[in-house]
Structure formats: structure tokens, C-alpha cells
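Below is one structure; the comments refer to it alone.
Below, each value reflects all heavy atoms present in this structure, side chains not excepted, and no hydrogens, waters or symmetry copies. Here the structure is a predicted model, which means the values were calculated and not measured.
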Amino acid sequence: MSVKISEKTIVSTLEKLEKLNLDEKLHAELSWCWNSYKYDSNPVGVIEKSKAALELFKAKREENSKAIAKKLIEDLEKFASN
């Protein structure tokens, strides 16, 4: 499985989850998966948790269009579609 994982996108996702105080469990899991990926290059967990973050961000953006940057959602969509 060849997947291009953008560190900037994942770090931005983690920062946004923390800043908006959204789903602490998801933040912890994505953080763990990201660090695991850096060690073993297995993207499965990062992709799964990124998809969950994407859905959460889309819902939050519907409530408040300025809460989540459109670019972050687009970057996550590109990544999660792999």
C-alpha cells in the first residue's frame, strides 16, 4: 500500500482537535497512530483515525464554517481517500 502521509496535515489535525477541545480520545489515538507510523511506516491506523477526524471536522464546519479551515478538510479528504 503506497500512501503519502503529510506530517503537516496530521500535525494540523492534532492541533485543531486540541484547540477546539474535540474528542480527546480521538486526539490520543491519532497521536499514538502517528508516532507508531513514524516508527513502522504502517499507515492503517493513521488513515482510520484521520477519517474519523475528517467526519468530526465536517460536522463542526457545518455548525460554524470558520471553526475548521476548508484547506485542512480538503487535505484530510485527499489523504483519507487512499
- Supply the atom-to-atom distance Leu72 CG to Arg61 CZ, rounded to the nearest 0.5 angstrom. 10.0 Å
- When rounded to the nearest 0.5 angstrom, what is the spacing between CD in Glu74 and CG in Leu54?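 So the gap between those two atoms works out to 11.0 Å.
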- Message: Are the side chains of Ser50 and Ile10 in contact, using a 4.5 Å heavy-atom criterion?
- Response: yes
- Sorted by chain and residue number, the salt bridge (charged side-chain N to carboxylate O under 4.0 Å, His left out) partners of Glu15 (sequence neighbours excluded) come out as none
Would you mind writing out the side-chain donor-acceptor pairs for residues 24-34 within the sub-3.5 Å range, not counting sequence neighbours?
unit_1	atom_1	unit_2	atom_2	d
His27	NE2	Leu14	O	3.4
Glu29	OE1	Lys49	NZ	3.0

- Task: List for me each residue that meets side-chain hydrogen bond (donor to acceptor under 3.5 Å, both in side chains) alongside Ser6, sequence neighbours excluded, and say none if there are none.
- Result: Thr9
- Message: Which residues pass the side-chain hydrogen bond (donor to acceptor under 3.5 Å, both in side chains) test with Lys60, not counting sequence neighbours?
- Response: none
Going by atom type alone, with no hydrogens or angles, which donor-acceptor pairs under 3.5 Å involve a side-chain atom of residues 62-71 and a protein atom two or more places apart or on another chain?
unit_1	atom_1	unit_2	atom_2	d
Asn64	OD1	Lys66	N	3.0
Lys71	NZ	Asp75	OD1	3.0
Lys71	NZ	Asp75	OD2	3.2

- Any salt bridge (charged side-chain N to carboxylate O under 4.0 Å, His left out) involving residues 31-42? Give me the pairs, sequence neighbours left out, ordered by first then second residue.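 For residues 31-42, and leaving out neighbouring residues, there are no salt bridge (charged side-chain N to carboxylate O under 4.0 Å, His left out) pairs at all.
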- Note on the structure: Closest heavy-atom pair, Phe57 versus Leu17, reported as atoms and distance to 0.1 Å, is CE2-CD2, 3.6 Å
